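Since the structure is predicted, the reported quantities are computational estimates derived from the model, not experimental observations.
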Amino acid sequence: MTIKIAVTGAAGRMGKTLIEAIDQNANATLTAAIEWSESPAIGADAGELAGLGKNGVIIVGDVNAVINDFDVLVDFTTPASTVANAKACSAAGKKMIIGTTGCTDEDKTLIADAANQSAICMATNFSTGVNLCFKLAKEAAAILGDDYDVEIVEAHHRHKVDAPSGTALSLGEAVAEGHERNFKEVAVLSREGQVGPRTDNEIGFATIRGGDVVGDHTVMYMADGERIEIGHKASSRMSFGRGAIRAAVWVAAQDKGLFDMQDVLGFK
């Protein structure tokens, strides 16, 4: 069975990558493409815009205009747009993949409400390799325990608007879970000035922005005399795109509920 997929943010860097990933997946086909209502890409052929040649899928400015044309919507856009799309998809019984980062707790609650009516898979990162790192970060924290200080360093391109990255925060949450602690109570998202010595339980973050870095993440477990690192470096957005379309094919077979990439990969 071929899954019909729509991509929103179709003219952006990630949108074009997703369209290419769909083209490479034998179980998926692009049937709709959406952009913001004032985008100059409205009316363009999505395949041609992605560098694949014309495929007859014309970019529109409203998901509701194509709501009957797809099984799964893939959304890597902005929190406000994603929440609106989740409401529209759940009302129409359409499934959804969400890779949008920077969502507030309120946004996440609204998305979870939408998942009560239809299946949604939401993840800060859809790369298979990164999701393996999530699993390893939790297990390492549980094994190493309190004898090791944990710091997370992430680097991204100059255009990224949120910090720390959603992936870095998910890595921190995995470490906190391994330590059986509340992440919000131990996370130190920035340091400046006379902050005093490091406390035993904190998980520190450092953020780097510049150039065209797709995404680098390193979790460091540091003790006297040794350091253990779990890291991932992305050289192409295609690792995210392939994972997202793999998740789209998987979520199409689910009834309803809120899932993540760990569910898709069978890590839970």
Checklist entry - Does the pair Arg181 and Asp146 meet the rule for a salt bridge (charged side-chain N to carboxylate O under 4.0 Å, His left out), with working shown? => result CA-CA 11 Å; Arg181 297 193 178 101; Asp146 296 337; 2.5 Å; yes

Checklist entry - Is there a donor-acceptor pair under 3.5 Å between the side chain of Ser90 and the backbone N or O of Lys87? => result yes

Next on the checklist: Applying a strict under-4.5 Å side-chain criterion to I, L, V, M, F, W and Y, I'd like to know whether Leu169 and Met220 cluster together.
Outcome noted: no

Checklist entry - With side chains defined as the heavy atoms from C-beta onward, is the minimum distance between Ile203 and Ile152 less than 4.5 Å? => result yes

Checklist outcome for this item: Note: Ala46 and Asn55 closest approach over all heavy atoms is N-OD1, 4.2 Å

Item to check | Atom of Leu49, atom of Ala11 and distance for their closest heavy-atom approach | outcome: CD2-CB, 3.6 Å

Item to check | Phe205 vs Val188 side-chain heavy atoms within contact, under 4.5 Å | outcome: no

Checklist entry - Can Asn131 and Thr128 be counted as having a side-chain donor-acceptor contact under 3.5 angstrom? => result no

Item to check | Cation-pi, Phe267 ring and Lys135 (6.0 angstrom, 45 degrees) | outcome: yes

Checklist entry - Are Lys16 and Glu20 ion-paired here, with the side-chain N under 4.0 Å from a carboxylate O? => result no

Next on the checklist: Walk me through whether Ile42 and Trp36 qualify under side-chain contact (heavy atoms from CB on, under 4.5 Å).
Outcome noted: CA-CA 8 Å; Ile42 300 293; Trp36 63 290; over 6 Å; no

Checklist entry - If you look at every heavy atom in Glu192 and Val195, which pair is closest and at what distance? => result O-CG1, 3.2 Å

Checklist entry - Would you say the side chains of Glu226 and Tyr148 form a donor-acceptor pair under 3.5 Å? => result yes

Checklist entry - Are the charged groups of Glu202 and Arg191 less than 4.0 angstrom apart, N to O? => result yes

Item to check | Rounded distance [0.5 Å steps], CZ in Arg246 versus OG in Ser127 | outcome: 10.5 Å

Checklist entry - If you round to the nearest 0.5 Å, how far is CG of Asp162 from NE2 of His156? => result 8.0 Å

Next on the checklist: To the closest 0.5 Å, what do you measure between CG (Leu73) and CD1 (Ile67)?
Outcome noted: 7.5 Å

Checklist entry - Tell me, do Ser165 and His217 make a side-chain contact under 4.5 Å, heavy atoms counted? => result yes

Item to check | Electrostatic pair Asp212-Arg13, nearest N-O below 4.0 angstrom | outcome: no

Item to check | Pairwise side-chain contact, Ile3 with Val72, heavy-atom cut-off 4.5 Å (strictly under) | outcome: yes

Next on the checklist: Tell me if the aromatic rings of Phe76 and Phe126 count as close, with their centers under 6.0 Å from one another.
Outcome noted: yes

Checklist entry - About how many Å separate CG of Asp260 and CG of Leu265, when rounded to the nearest 0.5 Å? => result 9.0 Å

Item to check | Pair Lys108 + Glu106, salt bridge at N-O below 4.0 Å | outcome: no

Checklist entry - Within the side chain of Thr17, is there an N or O that forms a donor-acceptor pair under 3.5 Å with the backbone of Gly241? => result no

Next on the checklist: Would a single hydrophobic cluster contain both Ile5 and Val66, if residues Ile, Leu, Val, Met, Phe, Trp and Tyr are joined by side-chain heavy-atom contacts under 4.5 Å?
Outcome noted: no

Item to check | Donor-acceptor pair between Asp75 and Thr77 side chains, under 3.5 angstrom | outcome: yes

Next on the checklist: Would the distance check show the side chain of Lys94 and the main-chain N or O of Phe70 forming a donor-acceptor pair, the cut-off being under 3.5 Å?
Outcome noted: yes

Next on the checklist: If hydrophobic clusters are built from ILVMFWY residues whose side chains come within less than 4.5 Å, do Ile59 and Val63 share one?
Outcome noted: no

Next on the checklist: So that I can tick it off, tell me whether Asp255 and Lys95 are bridged by a salt bridge, with the cut-off set at under 4.0 angstrom between side-chain N and carboxylate O.
Outcome noted: no

Checklist entry - Can you list the steps and then say if Thr167 with Phe134 is a side-chain contact (heavy atoms from CB on, under 4.5 Å)? => result CA-CA 9 Å; Thr167 300; Phe134 292 156; 4.0 Å; yes

Item to check | Worked verdict on Glu154 versus Ile208 for side-chain contact (heavy atoms from CB on, under 4.5 Å) | outcome: CA-CA 6 Å; Glu154 59 99 343; Ile208 298 167; over 6 Å; no

Item to check | Min side-chain heavy-atom separation Met238-Gln24 under 4.5 Å | outcome: yes

Checklist entry - Are side-chain N/O atoms of Ser170 and Thr124 paired as donor and acceptor at under 3.5 Å? => result yes

Checklist entry - Looking only at heavy atoms, what is the nearest atom pair of Asp147 and Ala223, with distance? => result O-CB, 3.5 Å

Item to check | Polar side-chain atom of Asp45 near backbone of Glu48 as donor-acceptor pair, under 3.5 Å | outcome: yes

Item to check | side-chain contact (heavy atoms from CB on, under 4.5 Å) evaluation trace for Val150 with Val219 | outcome: CA-CA 7 Å; Val150 183; Val219 184; 3.8 Å; yes

Checklist entry - Roughly how far, to the nearest 0.5 Å, is the CD1 atom of Ile111 from the CD1 atom of Ile120? => result 6.5 Å

Checklist entry - If you take all heavy atoms of His179 and Ala141, which pair is closest and at what distance? => result CD2-O, 3.2 Å

Item to check | Donor-acceptor pair, side chain of Asp71 and main chain of Lys4, under 3.5 angstrom | outcome: yes

Item to check | Asp69 CG to Leu30 CG distance, which is reported to the nearest 0.5 Å | outcome: 11.0 Å

Checklist entry - Are the side chains of Val214 and Ser235 in touch, meaning some heavy atoms are under 4.5 Å apart? => result no

Next on the checklist: Can you tell whether the side chains of Arg198 and Asp149 come within less than 4.0 Å, N to carboxylate O?
Outcome noted: yes

Next on the checklist: Applying the side chain to side chain donor-acceptor pair (under 3.5 Å) criterion to Thr100, which one of Asn85, Thr82, Thr78 satisfies it?
Outcome noted: Thr82

Item to check | Shortest non-hydrogen separation from Ala28 to Ile245 and the atoms involved | outcome: CB-CG2, 3.9 Å

